[in-house]
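This report concerns only the one structure given below.
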Amino acid sequence: MPLRLIFMGTPDFSVPTLLELVAHGHEIVAVYTRAPKPGGRRGLQMQPTPVEEAARKLGVPVLTPKTLKTEEALEEFRGFDADAAVVVAYGIILPQAILDAPKLGCYNLHASLLPRWRGAAPINRAIMAGDAESGVMVMKMDVGLDTGDVAMAERLAISDNMTALDLHDRLSRLGADLMVRAMAALDRGGLQLKKQSEDGVTYAAKIDKAEARIDWSKPAHAVLRHIHGLSPFPGAWAELENARVKILRCELAKGSGDPGTVLDDQLTIACGEGAIRVLELQREGKARMQATDFLRGVPVKPPMRLS
């Protein structure tokens with residue numbers, strides 16, 4: 001029998017899970033998401049979240065409470081008489097009373113191999129730290145920060161050419177399939193839970209824009225992972241001829257020199273050890289572009305320098 005589910009999510013990462021749950025016959029009795037925010041070209045139009053847009057197309061009731069800590073919010077949540085809640089990057093804290101409301105509990109899809117990278121930015125942090133792999137896990141939620149018992153996991157290798165967006169998209173699809181399998185096991189009464197290890201706990205702090213400036217004194221591999229971990233947002237940046245340039249994609253290259261020095265006419269930049277070659281970038285106020293296109297309009301040659 002299909003489960004009666006409340007779905008709670010906000011960004012585009014969450015949408016594939018919502019769609020897959022519906023496609024596999026589960027009844028989504030309500031969708032909780034963040035309230036619309038001003039956006040558009042002039043910042044005047046209220047922009048619904050990607051999850052709200054998807055839910056409206058499905059004809060599912062959408063709720064956008066600012067908090068779930070009131071008695072009114074709790075009674076409304078209980079009123080849906082859900083078997084379980086599925087939570088994917090919702091962005092609002094669930095108090096204990098909400099966690100206890102569904103008959104079978106609340107289950108979160110987290111984009112890391114817990115207990116590594118608990119917290120807000122696991123995809124970015126995994127790439128920036130040079131991790132060899134990432135993954136998704138289904139966790140039964142408790143009131144801690146991603147501390148609940150885990151049920152199922154899928155692993156994914158992180159290659160040096162993966163940006164945060166690349167990994168985001170692959171984990172989003174992988175996670176949707178994993179959650180569908182988890183809900184099928186829950187429905188059968190066969191979802192097994194295991195406590196998280198206390199060893200290897202790390203925290204994925206929210207990305208601060210102050211972290212985005214590139215430190216060319218670091219080894220080339222660390223520079224590459226920093227760039228890819230922040231691509232496309234907020235974007236790692238450097239200054240070229242007193243103008244800020246975001247570097248969105250690069251590769252390891254041969255060469256050496258003073259950190260930040262341009263080594264050739266193909267945007268190869270020296271690092272503390274080794275070098276990287278810029279493949280894609282974005283000038284301030286401009287669209288992203290391939291480095292080859294950029295170089296046609298802005299010749300960059302030695303001994304120019306990025307700072």
Side-chain angles (χ1 to χ4, degrees), residues 1-34 48-65 68 72-111 114 135-143 146 148-156 168-194:
M1 295 293 291
L3 293 171
R4 285 177 58 86
L5 298 175
I6 292 172
F7 185 85
M8 311 177 84
T10 294
D12 53 2
F13 183 86
S14 316
V15 173
T17 302
L18 172 60
L19 298 180
E20 283 297 302
L21 289 169
V22 172
H24 282 77
H26 295 291
E27 182 184 1
I28 309 299
V29 294
V31 165
Y32 281 69
T33 189
R34 300 296 294 268
T49 70
V51 164
E52 179 173 350
E53 290 182 337
R56 297 290 184 196
K57 291 177 183 177
L58 294 169
V60 178
V62 176
L63 295 91
T64 59
L68 295 171
E72 293 78 11
L74 176 59
E75 288 307 310
E76 188 170 40
F77 191 87
R78 284 174 173 164
F80 291 111
D81 192 29
D83 296 314
V86 170
V87 184
V88 186
Y90 178 36
I92 292 179
I93 294 173
L94 274 59
Q96 188 67 57
I98 291 288
L99 295 174
D100 292 340
K103 303 178 185 70
L104 302 176
C106 298
Y107 295 85
N108 175 251
L109 180 70
H110 187 73
L114 294 166
V136 282
M137 292 188 115
V138 172
M139 167 186 64
K140 186 173 184 181
M141 298 177 71
D142 59 21
V143 291
D146 299 325
D149 295 348
V150 294
M152 301 172 71
E154 285 286 354
R155 309 176 92 89
L156 180 68
H168 166 283
D169 290 350
R170 292 187 65 179
L171 291 180
S172 178
R173 295 189 297 269
L174 195 64
D177 177 71
L178 185 68
M179 184 59 79
V180 165
R181 287 188 280 131
M183 290 299 101
L186 183 67
D187 189 26
R188 296 191 304 267
L191 188 66
Q192 297 182 351
L193 298 169
K194 180 181 178 182

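Bear in mind that the values here come from a model prediction, so they are computed numbers and not experimental data.
Here Leu104 contributes atom CG and Lys140 contributes atom NZ; the two are 7.5 Å apart, rounded to the nearest 0.5 Å. One finds the CE atom of Met183 at 6.5 Å from the CG atom of Leu5 (value rounded to the nearest 0.5 Å). Between Arg78 atom CZ and Asp81 atom CG the span is 12.0 Å, to the nearest 0.5 Å. With rounding to the nearest 0.5 angstrom, the CG atom of Asp177 is 7.0 Å from the CD atom of Glu20. We find the SG-CZ distance between Cys106 and Phe77 to be 5.0 Å, quoted to the nearest 0.5 Å. Between the CD atom in Glu154 and the CZ atom in Arg181 there is a gap of 4.5 Å [rounded to 0.5 Å].
Nearest heavy-atom pair across Val88 and Ser14 is O-OG, 2.6 Å. Closest approach of Val51 and Pro11 over heavy atoms only: CG2-O, 3.7 Å. The heavy-atom pair separating Glu27 from Pro2 by the smallest distance is N-CB, 4.4 Å. Among all heavy-atom pairs drawn from Pro102 and Ala84, the shortest one is CB-CA, 3.6 Å. Closest approach of Ala73 and Ile98 over heavy atoms only: O-CD1, 4.5 Å. The two residues Phe13 and Pro16 have their closest heavy-atom pair at O-CD, 3.5 Å.
Ion pairing between Glu52 and Arg56 holds under the 4.0 Å rule for side-chain N and carboxylate O.
Taking a 6.0 Å sphere around CD of Glu75, one finds it holds more than 12 heavy atoms contributed by other residues, nucleotides or ligands. A 6.0 Å sphere centred on CG of Leu193 holds more than 12 heavy atoms belonging to other residues, nucleotides or ligands. Other residues, nucleotides and ligands contribute more than 12 heavy atoms inside 6.0 Å of the CZ atom of Arg4.
Leu58 pairs in a side-chain contact (heavy atoms from CB on, under 4.5 Å) with only one of the listed residues (Ile28, Leu18, Val31), which is Leu18.
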